[in-house]
Amino acid sequence: MGAIGAGIAALGAGVGIGLIGSRAMEAIARQPEAVGDIRNNMILTAALVEGAALFAIVVGLLAG
Amino acid sequence: MKVDLRKLSILVFALVFSFGMLAAQDHGQEQSGDSTHEEQDSHGSEAGHDEGLAHSYCGGHAEDGEYDPVTTVMEHIADANEFHVWKGVHIPLPIILYAPAQGWTTGLSSMFGHGHNAVDGYVLNHGRVNRVADPSFPKGEVHIDGILHRKETVEKGGKAEEKDVYFACYEGELYKLDKPSTVDGGFLGGGITSFYDFSITKNVFSMILASLLLIWLFMAVAKGYKENEGKAPSGIQSFMEVFFVFIRDEVTKPMIGEKHYERFQPFIMTLFFFIMFINLMGLVPFFPGGANITGNLAVTLTLAVFTFLVTNLNGKKDYWEHVFWMPGIPAWVKIILTPVEVLSLFIKPFSLMIRLFANISAGHIIILSLIGLVFLFGNNGQSVGGAAGGAVIGGLFTAFMNLIELLVALLQAFIFAILSASYIGAAVEEHDHHHDEAHEGAH
């Protein structure tokens with residue numbers, strides 16, 4: 001069960017981080033001069049999304 | 001305000017309760033239920049009695065015959081009381097143990113003879129100090145016949161759960177071992193035990209080493225700034241200045257703001273360099289490195305607690321107002337929002353702790369699993385061709401993973417630093433405009 005939960009969590013985080021990445025790429029293509037700001041905010045947001053997924057993974061690990 | 005307090009207390013209760021449930025579950029695993037039966041591991045003799053088993057088993061060397069990837073990986077990412085260099089070669093580390101029943105025990109980890117000696121009832125089990133809880137076990141240094149590993153099946157709520165139990169064999173008798181001490185952060189396989197372990201473990205040793213290296217490095221850099229005042233930087237100073245400027249321009253200035261960033265620059269820099277250094281040291285597979293330091297909850301907890309303290313001790317009036325009574329929104333929304341904001345005070349450092357721990361642990365687990373392919377394909381030494389195939393596949397993937405981990409080591413240090421900076425930035429921020437817009441709730 002834990003492994004299934006961890007898998008679903010990874011799936012959710014993957015979709016979330018993928019969306020962030022795709023939008024960031026779009027934004028960089030539109031405004032290449034803002035690449036530094038966009039990159040920083042992308043990493044920050046990805047870290048926040050990842051945080052939610054990591055909670056799920058840790059709970060999955062604890063549940064075995 | 002009354003409703004609000006009640007809701008808050010309900011939320012806090014729910015949180016405590018859910019943690020309590022987790023703890024109870026964990027505790028249940030440690031205690032033997034009423035319908036416990038023991039199963040012997042797949043190796044060793046089939047003898048049923050404890051005594052017979054002890055005689056037939058403990059004579060030999062207490063090593064698992066079959067390759068168990070999960071146990072091996074968990075053993076490698078956990079903390080240890082001695083530094084394993086390669087098979088049979090260990091670097092001894094100082095041991096400082098305290099049990100309320102018998103006082104202090106100190107020495108070097110070599111006194112345990114890699115699991116063949118017991119000192120004051122302490123033995124070394126897979127690199128970790130365990131204690132024989134039985135008071136009849138002899139004190140002082142005695143030779144033991146080995147350590148027996150068994151799987152015990154505990155019936156709990158209709159579910160059968162397997163757990164590992166270890167016994168010390170001494171003169172044909174089996175003595176059950178306690179769990180390793182949790183004081184040094186034994187998240188993996190720890191539990192509440194009868195003794196405290198204050199030893200300089202592998203992780204502590206590596207952290208001290210990393211700190212000394214960092215102090216040495218930054219002393220040299222500081223000396224460079226004194227000598228080259230007004231001139232271009234030279235040597236190691238010019239290398240570190242890139243990092244310094246990067247942290248200042250990309251992390252602290254935009255996150256904390258022009259007015260306050262200088263105050264927090266040292267803290268953010270310390271976090272960044274310490275985490276980066278121990279992450280990178282963890283990637284080095286041989287002696288001075290190899291300890292999974294940031295993959296240890298106790299270490300990341302300490303780092304997160306520092307961020308929590310720095311954030312909240314520097315919180316301005318505006319910050320606390322936003323936490324307890326968010327301005328510019330209807331009163332009924334405030335009642336919902338306040339508990340959420342109070343919880344988020346704790347969730348923020350908690351997520352910092354979990355993020356660093358999980359990222360670094362996951363990286364170590366993946367690399368160790370790929371190396372484990374060699375033993376898995378090689379059938380633990382039975383098939384040379386399989387081992388060669390595993391070495392090629394595992395080696396290639398490990399090289400690839402190590403490169404990714406190099407990125408992750410830097411990225412996680414950066415993320416820890418930038419998130420800490422943004423939390424501190426939110427705490428010291430001063431609003432000089434009125435809160436009449438709905439989007440102010442996003443702070």
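Here is the naming used below: chain letters follow the sequence lines, and residue numbers restart at 1 for every chain. Every value quoted in this text rests on a predicted model; they were computed, and no experiment measured them.
- Residue B:F267 qualifies as enclosed at atom CZ: its count of foreign heavy atoms under 6.0 Å is above 12.
- Residues B:R355 and A:L48 come closest through the heavy atom pair NH2-CA, 4.0 Å.
- Rounded to the nearest 0.5 angstrom, B:I418 CD1 and A:N41 CG are separated by 7.5 Å.
- No more than 12 heavy-atom neighbours from other residues, nucleotides or ligands sit within 6.0 angstrom of CZ on B:F400.
- Proximity to chain A is limited to the side chain of B:M255, based on heavy atoms less than 4.5 angstrom apart.
- Within the 4.5 angstrom heavy-atom criterion, atoms from both the backbone and the side chain of B:I354 approach chain A.
- Heavy atoms closer than 4.5 Å to chain A are found nowhere in B:L352, neither backbone nor side chain.
- Atom CD1 of residue B:I415 and atom CD of residue A:E50 lie 6.0 Å apart, to the nearest 0.5 angstrom.
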